[in-house]
Undergrad: 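There's a structure below that I have some questions on.
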Amino acid sequence: STFGLLEGVHRLEYYSRDRVLNVEESTTTIIAVDASPPAAWYEVEGPLAWEAEAAFISPISTLSFRAEDIGSSGTISGLSRLLVEVDSAISTAAIPGTFTISEGTHSIRLQAEDQVGNWSLPSYPLISVDGSPPITLFRVDGASVSAGGVLFMSGTAKIVLESEDPLIRGAASGLADITYWVDGTREVAFSSSVRIAFSPGPHQLDFQSKDRLGNLETLKTSSMVVDSLAPEISYGVIGASAVIGANVYLRPDGWAAFSAQDRDTGESPASGVLSLTLDVDGDSQRVWGSTAALVLAEGVNNLRFWAEDNVFNASPVSTAAILVDGTAPQSRLEVSGSSYREAPDAALFISPISFVVLSGVDPTVRGAASGLGGIRYALDSQAAQSTGTVMFSLPVGRHELSFHGVDLLGNEEISISTVVFVDATPPITDFSVEGSTLMDGSGRIWFADAAVSLSPHDPGDIAVGIGSTFVL
């Protein structure tokens, strides 16, 4: 007879009888029926983190696989073996079994068998070993420059720390936090990135990240200088120049010079001047460096200029007007009193009571005229100069006169030369009569056929000549 038994402990008594009723002596036995499979699991001692159903451990964690036969009292046959399959490699583990697995993500299969052949359902835990710390990257969000091994930042720039737990053969437990120290003051950010603002001046930033298993990044250190001050810019003129009233005048052979200096107060060290921007009447140019020079066109030049440092702090826009005057004055000779000149380039005749007047004007070119500085003249090889109009009389005789104007910038007119004759001797008129005349007590009597002749002449070495003869 064949029959089955339920799980549990059973007392079985049995005997047999033959066909002539001979009866066997009964036999009694105890049967324990074990129908429950064993249980298999794993344990971790040390760093452990979970992500859904996946477990993350570190290389210093101890991974143990365990199994136990379970069931009702008296029906446990006992554990026979534990099968552990790691990445398709099957092994029979000692119970409990301690395993070391390499960094990365591993597929594991666990199954246990008891002494009567009951097998547990296989389990497939996903275990990842993460022994690599996070990597934190450092960048500047805003204007910055490295000069002489020093990182300079603008006052509005921020340091951004971005950390990521690297994926090594499929394993990354995830970032836990970023710890940083600004000049020794500790802060912790529970995020993958953090933005840090700094006050003006030099600073030291130390930082490191940690993942969820406690893998700690090597401490990193960076130094930076926050430059929040704009450069200062100034200008001047090189060459012949003058300040006249509120205006700066310059000759065309001069130039405007610009210079900028980045301020270093100690609290805010200087990143250095990057460039100058120069605008002349709307025409802009950018010059790299801290100095620049401009040659300006004749006339009024309206300037706008400013400087930027290496982290783009810009100075306020400065303005100036420079008037370039390259045109000489125009002088002229006039006579106050009697004078005569046959042609513009001929000699000048004047009387002793007349005055020679030398004057000049500085012409305006594109709005610029520095003004008349004076009249330089030489009379009979004797040089003289006036600051404005000059007037003088001359003695009788011949005189050589040269003159030219000079403006306030030293622009000189081409010299003009002339000869001046001073004639003080009046002319003499000779009287003659041709024809019949009669003298009586009342005077001379003219006959009808008589003709009177007047013959004037200008005597002396300096003689301008006869201008008119008047008959009354």
Side-chain angles (χ1 to χ4, degrees), residues 235-257 293-303 320-424 462:
Y235 89 101
V237 290
I238 306 298
S241 61
V243 177
I244 303 170
N247 296 321
V248 176
Y249 283 85
L250 180 67
R251 278 210 324 223
D253 55 358
W255 61 89
L294 281 180
V295 176
L296 302 173
E298 185 161 12
V300 179
N301 295 268
N302 295 301
L303 306 180
I322 298 179
L323 288 75
V324 177
D325 179 5
T327 302
Q330 298 171 352
S331 62
R332 62 181 179 273
L333 184 153
E334 297 175 304
V335 177
S336 175
S338 301
S339 65
Y340 172 76
R341 178 175 257 168
E342 186 174 345
D345 57 349
L348 174 66
F349 289 85
I350 64 173
S351 74
I353 62 172
S354 297
F355 288 89
V356 174
V357 180
L358 300 178
S359 63
V361 62
D362 196 24
T364 299
V365 178
R366 292 186 60 242
S370 60
L372 184 67
I375 302 294
R376 294 179 182 175
Y377 63 96
L379 180 61
D380 299 328
S381 300
Q382 297 296 315
Q385 179 173 338
S386 73
T387 57
T389 300
V390 59
M391 185 167 57
F392 52 87
S393 61
L394 295 174
V396 174
R398 181 183 185 277
H399 303 281
E400 292 184 357
L401 175 64
S402 62
F403 60 94
H404 64 274
V406 181
D407 68 13
L408 293 171
L409 288 179
N411 292 307
E412 293 193 35
E413 179 186 19
I414 297 175
S415 182
I416 302 170
S417 297
T418 189
V419 176
V420 180
F421 292 97
V422 180
D423 183 358
I462 305 299

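What you see below is based on every heavy atom in this structure, not just the backbone, and it leaves out hydrogens, waters and symmetry mates.
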Undergrad: Once rounded to the nearest 0.5 Å, what's the spacing between atom CZ of R376 and atom CZ of F403?
TA: 15.0 Å

Undergrad: Using the rule side chain to side chain contact (heavy atoms under 4.5 Å, CB included), only one of V300, I244, V365, L296 pairs with L323; which is it?
TA: V300

Undergrad: Look at the side chain of D325 and the backbone N and O of T327, then say whether any donor-acceptor pair between them is shorter than 3.5 Å.
TA: yes

Undergrad: Please enumerate all residues that pass salt bridge (Lys or Arg N to Asp or Glu O under 4.0 Å) together with R398, with sequence neighbours excluded.
TA: E400

Undergrad: Looking only at heavy atoms, what is the nearest atom pair of F421 and A347, with distance?
TA: CE1-CB, 3.5 Å

Undergrad: Would you give the length of the straight line joining atom OG of S417 to atom CG of D345, rounded to the nearest 0.5 angstrom?
TA: 12.5 Å

Undergrad: Checking E334 now: which residues fulfil salt bridge (Lys or Arg N to Asp or Glu O under 4.0 Å) with it, not counting sequence neighbours?
TA: R332

Undergrad: Between Y249 and A369, which heavy-atom pair has the shortest distance, and what is it?
TA: OH-O, 3.2 Å

Undergrad: Mind checking whether L294 and N301 have side chains closer than 4.5 Å, heavy atoms only?
TA: no

Undergrad: Considering all heavy atoms of both residues, which atom of G245 and which atom of V243 are nearest to each other, and what is their separation?
TA: O-CG1, 3.8 Å

Undergrad: What closest approach, in Å, do E413 and Q330 show between heavy atoms, and which atom pair accounts for it?
TA: OE2-CA, 3.8 Å

Undergrad: Measuring from S331:OG to D362:CG, what's the distance to the nearest 0.5 Å?
TA: 11.5 Å

Undergrad: Passes side chain to side chain contact (heavy atoms under 4.5 Å, CB included), T389 versus V357? Steps please.
TA: CA-CA 7 Å; T389 300; V357 180; 3.8 Å; yes

Undergrad: State, to 0.1 Å, how close A240 and L250 come at their nearest heavy-atom pair, and which atoms those are.
TA: O-CD1, 3.4 Å

Undergrad: Return the orientation label for the Y377 and F392 ring planes: parallel under 30°, perpendicular over 60°, tilted otherwise.
TA: parallel

Undergrad: Rounded to the nearest 0.5 Å, what separates atom CG in L408 from atom CG in L372?
TA: 7.5 Å

Undergrad: Is any side-chain heavy atom of V406 closer than 4.5 Å to a side-chain heavy atom of Q385?
TA: no

Undergrad: Apply side chain to side chain contact (heavy atoms under 4.5 Å, CB included) to V356 and H399, showing your working.
TA: CA-CA 12 Å; V356 174; H399 303 281; over 6 Å; no

Undergrad: Locate the shortest heavy-atom distance separating S354 from S393; write the atom from each residue and the value.
TA: O-CB, 3.7 Å

Undergrad: To the nearest 0.5 angstrom, please state how far the CD1 atom of I416 sits from the OG atom of S402.
TA: 10.0 Å

Undergrad: Between CG of L394 and CG of D380, what distance do you get to the nearest 0.5 Å?
TA: 7.5 Å

Undergrad: Is there a side chain to side chain contact (heavy atoms under 4.5 Å, CB included) between Y235 and I322? Walk through the geometry before answering.
TA: CA-CA 11 Å; Y235 89 101; I322 298 179; 3.7 Å; yes

Undergrad: For the backbone of R251 and the side chain of N411, can you confirm whether one donor and one acceptor N or O come within less than 3.5 Å of each other?
TA: no

